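Bear in mind that the values here come from a model prediction, so they are computed numbers and not experimental data.
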Amino acid sequence: NETSIDRQVSRAMRWFERFACAVLRQGPIPRHVAFIMDGNRRFAESRALRRVDGHRRGYEKLKEALEWCLELGVRTVTVYAFSVDNFKRGQDEVHALMRLARDKLVEMLARGDIVERYGVRVRVLGELSLLPADVQVAMARAMEQSKMNTNVALNVCFSYSSRLEMAMATQELTRAVERGVILGRDVTSDAFQRCLTTGPCAPPDMLIRTSGETRLSDFLLWQTQTSYLAFVRPFWPDFRFWDMGELMLRYQMDHAHVADCRRRARAIEERAQLRRDLEHLTIGAMSSSSSSLSSVEQDELVVRYEAELVALRAARADRLQALYADRERRMERWIREHISMCSENKRAEEQDGRNDEDDEEAVVVSSEDDDDLAIACDSTSASASSSDESEPASTLGVRRRRASRRTATRL
């Protein structure tokens, strides 16, 4: 009876959650939500559990939160799973986290309960070369098997650091200029953002951090300049659907202000880039003394150089597209190499298994050879001492020949 009541309560709660999602979808919903999944260790300590059990509960909560986001209509989810600074933790905890990440990625693909049902494309972002080989292989397989899914994007930031990400993006743009792939004037804020590990994904509309901490902890520092930041008290494993619903209501109440801030920030960036383009086209005609150029005067220059501006931006877009395509090819090559590594490892394991079976068969044959040789010797002795009790000559010859062949095979 208790089990039946629990099932009925669970179904009722599920119905209320779906109803709440339908109501919330009537208002503005963030297209991209980022999570800092904080508090797994403190959750485990508060319940006298092992730390790895706290992280395991955190993974289960991630699956729930992903389902909530998908039902609400969120199209991109980015989660902060493991920071580069987390390598400073105890060796046992780091190893346990690596095993958990590998096992859960394999489980996610094997069961397909979320990835296939919702059409989720998995992307792993971060300095993946710092991870163990088996974890890299699991991540490569996850990205390869889900690359054709286009409904939802799940970005898992693992071995991630925003400062390192920005440094690497700067280096990549610098090398591209040195190689002549792009020009120096092609380096814009948009180009810089595309060279970050989040790549073509739009910046998060909303960032949620659990456990009561009110800091970003080196997570998406560039991408969250105009994001709506929400900090909640529950530890990540304690985060509930109703906490999520409350945050969505707060986002909808402040959406107009957030959207206005984002538009104004975008307008400032575009106007600054327009001025740089005009300076390039006029080749110094806009001197430093014209820094107080009015909007009307700048608009007149835009009209005068309209065709040149269109050509300039089109050429820049083509060069940057070549750079982005090269980044995608490098990532695809990395995925193929690690999947090939996985295939080679499987073949090696199968070959080792066959070799082990051959060795076992050889041991069995060796034992049988010894028995046959002993029997043949005993038969020979018995034949010499007593011809009445000896075996027929044909039978004894067969046994001797068989023993000789097996001995030769063993040698």
Open item on the list: For a salt bridge (charged side-chain N to carboxylate O under 4.0 Å, His left out) check, start with the C-alpha distance between E107 and R102, then their side-chain angles and the critical distance, and finish with the verdict.
Closed with: CA-CA 9 Å; E107 176 186 329; R102 179 199 62 203; over 6 Å; no
Task: Polar contact flag, side-chain donor to acceptor under 3.5 angstrom, R276-Q273 - done: yes
Open item on the list: Taking side chain to side chain contact (heavy atoms under 4.5 Å, CB included) as the definition, give me every residue that meets it alongside T197, ordered by chain and number, with sequence neighbours left out.
Closed with: L125, Y160, E165
- [ ] Ignoring hydrogens and angles, state whether a donor on the side chain of R42 or S211 is under 3.5 Å from an acceptor on the partner side chain.
- [x] yes
Task: Flag side-chain contact, heavy atom, 4.5 Å: V74 against M206 - done: no
TODO: Mind checking side chain to side chain donor-acceptor pair (under 3.5 Å) for D92 and listing every partner two or more places apart, or none if nothing turns up?
DONE: none
Task: Lys/Arg-Asp/Glu bridge criterion (N-O < 4.0 Å) met for E93, R41 - done: yes
Open item on the list: Checking V23 now: which residues fulfil side chain to side chain contact (heavy atoms under 4.5 Å, CB included) with it, not counting sequence neighbours?
Closed with: F19
- [ ] Among V124, N86, L164, L131, find the residue that satisfies the side-chain contact (heavy atoms from CB on, under 4.5 Å) test when tested with S159.
- [x] L131
Open item on the list: Check this for me: does any side-chain nitrogen of one of R57 and D53 sit under 4.0 Å from a carboxylate oxygen of the other?
Closed with: no
Task: Distance-only side-chain donor-acceptor flag, S161 / R163, under 3.5 Å - done: no
TODO: Could you note down all residue pairs passing side-chain hydrogen bond (donor to acceptor under 3.5 Å, both in side chains) where residues 24-35 supplies at least one of them, sequence neighbours left out?
DONE: H32-T78
Open item on the list: Between K61 and D238, does any side-chain N to carboxylate O distance fall below 4.0 Å?
Closed with: no
- [ ] Output all residues satisfying ring-ring contact (aromatic ring centres under 6.0 Å, His included) with Y228, sequence neighbours left out; order by chain, then residue number.
- [x] Y251
Open item on the list: Less than 4.0 angstrom from a charged side-chain N to a carboxylate O is my criterion; do E67 and R117 meet it?
Closed with: yes
Open item on the list: I'd like to know if the side chain of D186 and the backbone of L183 have a donor-acceptor N/O pair within less than 3.5 Å.
Closed with: yes
Task: Cation-pi geometry met for R194 and Y324 (6.0 Å, 45°) - done: yes
Open item on the list: Salt bridge check, R89 against D85: does any charged N sit closer than 4.0 Å to a carboxylate O?
Closed with: no
TODO: Under the ring-ring contact (aromatic ring centres under 6.0 Å, His included) rule, what do F158 and Y80 come out as? Steps first, then yes or no, please.
DONE: CA-CA 7 Å; F158 208 95; Y80 200 9; over 10 Å; no
- [ ] Enter the distance from L128:CG to W334:CH2 here, rounded to the nearest 0.5 Å.
- [x] 4.5 Å
Open item on the list: Check this for me: does any side-chain nitrogen of one of K63 and E60 sit under 4.0 Å from a carboxylate oxygen of the other?
Closed with: yes
TODO: For residues 144-161, pull every pair meeting salt bridge (Lys or Arg N to Asp or Glu O under 4.0 Å), keeping only residues two or more places apart or in separate chains.
DONE: E144-K147
Task: Salt bridge R209-E213, side-chain N to carboxylate O under 4.0 Å - done: no
